[in-house]
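Chain identifiers are assigned alphabetically (A, B, ...) following the order of the sequence lines, protein sequences preceding nucleic acid strands; residue numbering begins at 1 within each chain.
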Amino acid sequence: MNQIAQLAANGLMAGALLALSALGFNIIFAVLRISNFSIAAIITVGGYVGFIVNTMLGLPILVSVVVAFLAAGFVGVVSDHIALKPLRRYGPISVAIASLGVNMILENIVRFGFGNDMRSLDVPAQRDWLIAGLRIGPQQFYNFIVATVVMILLFGLLRFTRIGKAMRAVADNPSLADIKGINPTHVAQLAVFLGAGLAGMTGILLSLDTAVDPTMGMRMILSVFAGAVLGGLGSIPGAVAGGLLIGLAEEMSLLFMPVAYRSAIGFLVIVIALLFFPRGIFGDRTS
Amino acid sequence: MLSYLLVISTFTAIYALLALGLNLMWGMAGMVNLGILGYYALGGYVSALITVHLGYPIAVGMIAGTLAAAAFGAASCIGIVKLRDDYLAIVTLGFAEIMRVASENEISITNGTDGIGQIPRPAFFGTETVFNISYLGFCILAVVVVLLGMELIRTAPLGRVLRAIREDATVARTAGKDILRFQVLALTLGGGLMGFAGCLYVHYITYLSPEIFQPQLLIYVFFALILGGRGNNWGALVGTVLVMILVEGTRFVAQAVPGLTAVQVGALRALIIGVGLVVVMQWKPQGLFPEKKRSYRQPQSSGEMQSANNVVGESAQPYS
């Protein structure tokens, strides 16, 4: 029983980071109707920005997280503008495949600059907390808190601000939003900025807990996609639920499967789920 | 230099088979499949295991590998044919990932990351060069046969149905076509073809490890088909040749830059290829040799019918 509670706690903490990236992926999908696979490399970029700001420049962690968010968002917007935007009129799959190319470009820029070595950020090693018989890693706990706060802020932004309402309007019906005077280009750029920024933030939070290396995004991305798909592509609450569920499922799988298959669990879950809900459990607003 | 050219040409022929298989699944039938390396690796593993562990001849291994991949292609339709483009892309990517994880961890079968060595080569008598030339000849023969077969499919009623499904599955179903059967057929044939390519690969380099799932190869094959022209078999072939020239060309470019480490050379090469993919997609979104529009004569009828779209083979949204 205690083991199950422990796995559930671990799963929620890992799932919060997956949810953050899945949210980024789904914000972009909701507004642009495209799958941006370069989110994987953006996670890595976020991790390395954190490494530069925190370890090389010696700035505090909180500053690093904010800078990683902004820098990753900027990289996302620039790469989208140069590489993907001109392809949108050829359909979503063109953009998705080009984004695989963008992913390869960004990942290898990082590799060119920093090599393949693992590098850790400048965080003091901390002993796990023991709370009610559960071992909780402090950094994982802080990450969970940060991810939760950011997701609440994002909901607030989408729900209550003018720009958030504009984004939801474009997601619901782009041509109607256009008629009402909402500039779809600006909304699209903001969606990509937020989406990439969230992925970058995932990257630095993950690297605070573990380390950075050029493939960190790729290792994580399939679980992120699984979360996004499970929740329903383009669904904001779906991304959070999907990310958390995939995180939980991956940890719970340790009860009956070898640890090596943890990354495959996400896919087993979504293949089974899609057999019953072909558009994800939270549906798909694009339908 | 000769042996380098022979090796690269052989790889080109093997990758051309992958591009042709992808053209059947995606170019003709419209199912984007990012899991193609799964079929490729499965064919390779089955053939390697049958020849190395069970000692059967290479021909038996290749046939078994091809059939296994074809069966997997048929089976994979269960999870994927109902899914729309983006869901399909992500799920198929996951299929290949599960297989990669399995190939790394089912050590009792695959020998894990150590890989399987001493996979037999076909016995062409003579020196290494004679072997390389003979094997290249065999691979080219395979490409020619497959290309002709694919052209037969494309021009036959079967190809027309596949294109109809690609353009609009609902209309094809209304016309009385059993969509699922044709989709399964495309996945089975395409999967088998990719499995066969995997067999050719392992019996050439005689070693197989989970590194066969290198993500760059997925990009190369899509790049080749997009560059050549999706839906066009000849385009798939020409695209593969051009992509391989680019891929190998970057080797010399990257090595010409002084003072780079091996990792940086690799990164620079991948970077150039990624840029190449994006540039080609923007510059020639339909590829160098776009699929020919197949226009049919307008039916002589009332004005309403005149507006009906009777152009097959051209999509309002290329690559969609």
- Message: Give me the atom names and distance for the closest heavy-atom approach of F37(A) to L34(B).
- Response: CE1-CD1, 3.9 Å
- Do Q216(B) side-chain atoms and M104(A) backbone N/O form a donor-acceptor pair below 3.5 Å? no
- Query: Where on V32(B) is there a heavy atom nearer than 4.5 Å to chain A: the side chain, the backbone, both, or neither?
  - Reply: side chain
- Query: Are I105(A) and L277(B) close enough, and set up right, to give a side chain to side chain contact (heavy atoms under 4.5 Å, CB included), and what steps lead you there?
  - Reply: CA-CA 10 Å; I105(A) 295 169; L277(B) 172 66; over 6 Å; no
- Query: chain B heavy atoms under 4.5 Å from F25(A): which part of the residue, side chain, backbone, both or neither?
  - Reply: side chain
- Item | More than 12 heavy atoms of other groups within 6.0 Å of F74(A) CZ | no
- Item | Non-hydrogen side-chain atoms of F222(B) and L100(A) separated by less than 4.5 Å | no
- Item | Heavy-atom closest contact (L222(A) atom, E97(B) atom, distance) | CD1-CG, 3.1 Å
- Task: Output the distance between atom CE (M281(B)) and atom CG (L84(A)), rounded to the nearest 0.5 Å.
- Result: 9.0 Å
- Message: Looking only at heavy atoms and a cut-off of under 4.5 Å, which of I90(B), I219(B), V101(B) has the most pairs with chain A?
- Response: I90(B)
- Task: Just give me the residue among E104(B), R100(B), E106(B), R269(B) that pairs up with chain A most often, heavy atom to heavy atom, under 4.5 Å.
- Result: E106(B)
- Query: With no hydrogens and no angle check, is any side-chain donor or acceptor of Y261(A) less than 3.5 Å from a backbone partner on N105(B)?
  - Reply: no
- Item | Residue pair V263(B) / G115(A): nearest heavy atoms and the distance that separates them | CG1-CA, 4.1 Å
- Message: Quick one, I82(A) and V278(B) - any side-chain contact, counting heavy atoms below 4.5 Å?
- Response: no
- Message: Tell me if the CD atom of Q214(B) is crowded by more than 12 foreign heavy atoms within 6.0 Å.
- Response: yes
- What's the shortest heavy-atom distance between F112(A) and A267(B), and which atoms? N-CB, 3.8 Å
- Heavy-atom closest pair (I226(B) atom, I97(A) atom, distance to 0.1 Å) is CD1-CG2, 3.7 Å
- Between L93(B) and F267(A), does a side chain to side chain contact (heavy atoms under 4.5 Å, CB included) hold up when you go through it step by step? CA-CA 9 Å; L93(B) 200 61; F267(A) 270 87; 5.5 Å; no
- Rounded to the nearest 0.5 Å, how far does CD of Q264(B) lie from CG of N116(A)? 10.5 Å
- Counting only heavy atoms not in M218(A), do more than 12 sit closer than 6.0 Å to its CE atom? no
- Query: Taking all atoms of both residues into account, what is the closest heavy-atom pair of P86(A) and Q282(B), and its distance?
  - Reply: CG-NE2, 3.5 Å
- Query: Of the backbone (N, CA, C, O) and the side chain (C-beta and beyond), which part of I272(B) lies under 4.5 Å from a heavy atom of chain A, both, or neither?
  - Reply: neither
- Where does I265(A) contact chain B at under 4.5 Å (heavy atoms): side chain, backbone, both or neither? neither
